Every structure is written in C-alpha cells, then in structure tokens.
2 protein chains.
Amino acid sequence: MASDQTRSAILAAAERLYADRGFGDVTLRDIVAEANVNLAAVNYHFGSKDELIAELFVTRSIQTNRERLNELKAAEERGGGRATIEDIIRALVGPPLRGCLGPDREGSTAARFMIRASIESVPPIRRIKNREVDHLRKFAAAMRRAMPGRDDTELYWGLHFALAMAHHTIREKERLLRLSEGKCDLDDVRAIIDRVVSVTVMALTAGEVPASKPARPAFVQGRLTRQDL
Amino acid sequence: MASDQTRSAILAAAERLYADRGFGDVTLRDIVAEANVNLAAVNYHFGSKDELIAELFVTRSIQTNRERLNELKAAEERGGGRATIEDIIRALVGPPLRGCLGPDREGSTAARFMIRASIESVPPIRRIKNREVDHLRKFAAAMRRAMPGRDDTELYWGLHFALAMAHHTIREKERLLRLSEGKCDLDDVRAIIDRVVSVTVMALTAGEVPASKPARPAFVQGRLTRQDL
DNA sequence: GATAGTTTCATACAAATGTTTGAAATGCAA
DNA sequence: TTGCATTTCAAACATTTGTATGAAACTATC
C-alpha cells in the first residue's frame, strides 16, 4: 500500500473516532482497527499519538484561520484598505461558526471534531491554541485601524467577547438547545453570526461619541440604566 | 486518625493538585502522597476516583449556585418581587467571576480548581454540569418576569451570551492578558462584571421599543449600522 | 478490658496503553 | 534480477493506573 494511503486512513479514522467519542475514550488500537492498518503504523507515520492529534487539529485550524484572513482581506479591499468594525468581527467569528454549526454540517466529521476539540482539552491541542494569539493580533490591528480613537483596552475586550460568544455557542449548543427547549435555532448560522456581530459592535461602540466629547464607555463606569441606551 | 481528617486531607490535597497540574496529570498515588494517607483510603472514603472529583466539583458548584440565588432573591426583594434585568444578569455572572478572578483569589486553591474544571473537561464534571440547566431555568424565569413583552428566544440568547462572556473570561484570562499585553485588567473584577452585565443588557434591550411599535430586535434582521444604536 | 465496628495499611491484581523491535513484505531503481 | 530503501506486521515491552484484598491497628461502647 502506498505510504500516503496508510497515513490518510489513520488521519480519517482518528478524526472520526475522536469526533464521535472524544479524546479520552479513543485509543490507538481503536484507531488502527478503524483504519485497518497495523498498530505500529501510527508511530511510524506520526511519531506519537500526540503528534497525530496535533496534525489533525492544525489542519483544521489553519483552514479556519485562512478563511478568517481571506474575509478580512476582502473586507479591507471593499473599504479601500480599511474594513468596518462590523466586517472585521464578522471575519473573525464567521468561519468557526459556519465550520461548526448548521444543518449541513451536522454529519461533517471535521465539524464534530472541532467541537470536540473545543470541549475537551488535551495537551497537544492546548499547545497549538496558545500560538493563536499571533493570529488574533492581526484582527486587533484591523480593529485599531477601524476605530482609531478608541482605547486599545476596549478593542481587546470587544475581540475577547466576540470569541467568547462564538466559541461558547459552539461548545454549549446542546445545553442552549435544551435550556431553550428548542426555541433557539442553532441551524440558522447566518442569524447566529449576525447576533454575535451586532452584540459585539454594540459593545465596542457603546459610549462612543461623534468626536467632540471624550469617548467614555458607559459600561465601565458602573451600572447602566435604560436611559443610557 | 479520625475518619474525617483523612477524608478532608484527601479532598484538600486533591483540589490543590488538580488546581496546579490539571486532571490529566494527577494520579491517585500523587494525591495520597500529598495527603500523607494510604492509597486505599481514596476508595474507602469516596468509592472511586471519579466520585472524589465529583464531590470536589459539586461542593464548589453548590457554593456558586447558592450565591447566585441569594443575589437574585435579594434583587427581587429590593424590587418588590421583580428584579431588574440588570440585577438578574449580575446575580448570574457575579458569583463565578468573583469566585475565579481577582488578585486576592490568585492564591485560592478553590479558584484555581474551578478554572481548571472550566478548561479541562472530565466525565464526572461533565455529568454534573449537565444538571446545571435546571438551575439556569430559574434565571430565565426571572428574566421573563423582568421583560414580559420580550420573546423567549431573545431571553435565552441573552442568558447564553452572559454566561459565554463570564466563562470565557475565566477560562481564557491568560490569553486575554497576553493578547492585550497586560492592558486588560483582570484583577478588577468589579469592572469586569459591569462590562459583562452592560453588554448583556444592551443585547437584551436592543431594538426594544417603549410599547407602541412591536419589539423587533435589530440584530437578528441583518447587519447593523451605527445609526441603529 | 473484651467486643464489635471502623479505619488504615502494604501489597497484589488486572487491565489498558503508548511505544519499540526486528523480521518480513513491498516498491523501485540500476 | 539484484540491491537498497521504505513500509507493514505480529509480538512483546514497560509502565501506569484505578481498584480490591485481607490482615492489622485503632476507637468507642458496654
């Protein structure tokens, strides 16, 4: 058998099993049985179990990050070099949400694998996630260009909350479905993205004033009353 | 040695080790060594390793949930039976945020343990978290009373996003610190709670109109422009 | 202080797991 | 075909792990 076929078979089997049963419950023996290859093949082709998991995760991560940067670039070109804050957030949360949610993605192994990786947290995946900060800096920079007057701290909190809502929706979709008794439609990805984007934009622009008065975010000063909105 | 002393020693040692090194890296042998008790003591007093972890987690969970309900009750009494939406969200996110963040909590084993439990995800903890839905329903009910006209779906999304921001801040505080190069102050818990509450209230009240026009949330209809705010 | 119930202890068990090994098979170029 | 490198394979290795056992030590009650 060609070397690459064994490699691919292992990758496919591993992704499927991890997606279905989680990292804790799947052993190398499960994977090689599913892939119909020899036990030693994993260490021969990947070096170790952790490197296999890492390769699975980086592949999907790179995919998401590339989509994010493509969307960001497209938005910047539309705006003549400067994207709107809304489009920046959309480029940030759209790809992972589209990648993990939606009715067509239900059966997608890749989607289920990434949801798993978001819920459980194994060392090789943690290591890769830690490198994500560099990627996020590009979005922070774009946000800074989109909202020049805004305090950096506010931008970071906005970026952070956007990711919070996106990731938490992916990770806790079952619970939200159960809590809302099915009322929250988790298949309408477009609407979810709109929701996350609009809340984030609201948070980022709250308290912002045209130009005269100094920008002083209302929500860090204390409690907020209806009149403030 | 009195029976309870061994039990407590195991609980304390386990919480400390899990807090420091995570669930994946700590074995029963590590725990009993730290607690200076015999290996068999764990199974004698707790039945199994999973039941030990479960007991640790439920203890802290019950604590948080009680604080939440106390705050909710206090807010409802202040408002004559009906709490404001702001106070409800505050009661929801305040306790876990205060429990896990802040300079004084830095050395707290309980805080570090709960952060760990939020990052990693082991079966016994997952089982307990699944029961949390019943607890959250009480807050959904309170929100419904606070915003009678609002569509239920909107309330659930608001509740969901509030938890998203709170939990994600707890779980990713290191990353936010690194991304913002220390600009985001994660020790100022009061300000963080204010932030989460105000963003949530904004999300929940956006598009809401005094009474005449039908409430139609702007952010589910499509992109949001500055004028909409 | 004898007895019954509880707790501790050293040790063994049994199973699972990632990894390694060395030979056999296969592929491929000269 | 020969020879060399790559790949596959069965088997074994070496730990690690949670759990169980049965005797010993301890405690409290009568």
Side-chain angles (χ1 to χ4, degrees), chain A residues 1-58 113 116-117 120-128, chain B residues 1-58 113 116-117 120-128:
Chain A
M1 191 193 261
S3 151
D4 284 356
Q5 282 183 34
T6 300
R7 242 187 92 91
S8 314
I10 292 172
L11 284 169
E15 186 168 46
R16 191 170 18 184
L17 287 179
Y18 284 142
D20 286 344
R21 295 163 29 195
F23 295 100
D25 277 0
V26 176
T27 70
L28 287 188
R29 283 169 177 80
D30 294 331
I31 293 170
V32 299
E34 180 85 358
N36 276 307
V37 301
N38 187 272
L39 175 60
V42 172
N43 285 277
Y44 177 79
H45 285 283
F46 298 93
S48 71
K49 182 196 183 187
D50 276 12
E51 288 173 89
L52 165 61
I53 294 176
E55 176 154 341
L56 281 170
F57 187 69
V58 295
F113 173 80
R116 239 352 141 171
E120 296 185 34
S121 182
V122 290
I125 290 183
R126 259 202 298 276
R127 276 193 288 274
I128 293 159
Chain B
M1 191 194 262
S3 152
D4 284 355
Q5 282 183 34
T6 301
R7 242 187 93 91
S8 315
I10 292 172
L11 284 169
E15 186 168 48
R16 189 169 17 175
L17 287 179
Y18 285 142
D20 287 342
R21 293 161 33 191
F23 296 99
D25 276 0
V26 177
T27 70
L28 286 189
R29 283 169 177 80
D30 294 330
I31 293 171
V32 298
E34 180 85 357
N36 275 307
V37 301
N38 187 270
L39 175 60
V42 172
N43 286 276
Y44 178 78
H45 285 282
F46 299 93
S48 70
K49 181 196 184 186
D50 277 12
E51 288 173 89
L52 165 61
I53 294 176
E55 175 154 342
L56 282 170
F57 187 69
V58 294
F113 173 80
R116 235 359 136 167
E120 297 184 34
S121 181
V122 291
I125 290 183
R126 257 201 299 276
R127 275 192 289 274
I128 293 159

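Owing to the predicted nature of the structure, the values given are computational and were not obtained by experimental measurement. So that the names make sense, note that chain A is the first sequence line, chain B the second, and so on, each numbered from 1. Atoms considered below: every heavy atom in the structure, side chains included; atoms not considered: hydrogens, waters and symmetry mates.
- Paired with I53(A) under the rule side chain to side chain contact (heavy atoms under 4.5 Å, CB included), one option of V26(A), V122(A), V58(A) passes, and it is V122(A).
- Considering only side-chain N and O atoms, T6(B) lies nowhere under 4.0 angstrom from the phosphate OP1 or OP2 of dT7(C).
- Note: N43(A) CG to L28(A) CG = 6.5 Å, rounded to the nearest 0.5 Å.
- Atom CD in Q5(A) sits about 13 Å away from atom C1' in dG27(C), given to the nearest Å.
- Distance F46(A) CZ to dT8(D) C1': 15 Å, rounded to the nearest Å.
- The backbone N or O of T27(B) sits less than 3.5 Å from a side-chain atom of D30(B), completing a donor-acceptor pair.
- Rounded to a whole Å, the OH atom of Y44(B) is 13 Å from the P atom of dG5(C).
- A distance-only check finds a donor-acceptor pair linking the side chain of R126(A) to the backbone of S121(A) [under 3.5 Å].
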Applying side chain to side chain contact (heavy atoms under 4.5 Å, CB included), run through D50(B) and R127(B) and close with a yes or a no. CA-CA 11 Å; D50(B) 277 12; R127(B) 275 192 289 274; 3.7 Å; yes
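- Ring pair Y18(A)/F23(A) is tilted by interplanar angle, where 30° to 60° counts as tilted.
- Atom CZ in R7(B) sits about 11 Å away from atom P in dT8(C), given to the nearest Å.
- No side-chain N or O of Q5(A) forms a donor-acceptor pair with one of S8(A) less than 3.5 Å apart.
- Ion pairing between a basic and an acidic side chain is recognised when a charged N comes within 4.0 Å of a carboxylate O; E15(A) and R116(A) show no such pairing.
- A close approach under 4.0 Å does occur between a side-chain nitrogen or oxygen of H45(B) and OP1 or OP2 of dT8(C).
- The end-to-end axis angle of the helix from dG1(C)-dC30(D) to dA30(C)-dT1(D), rounded to 10 degrees and based on five pairs per end, is 0°.
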Per-nucleotide protein contact along nucleotides 15-22 of chain D, 5' to 3', at a 4.0 Å heavy-atom cut-off (B base, S sugar-phosphate only, - neither), is --BBBBB-
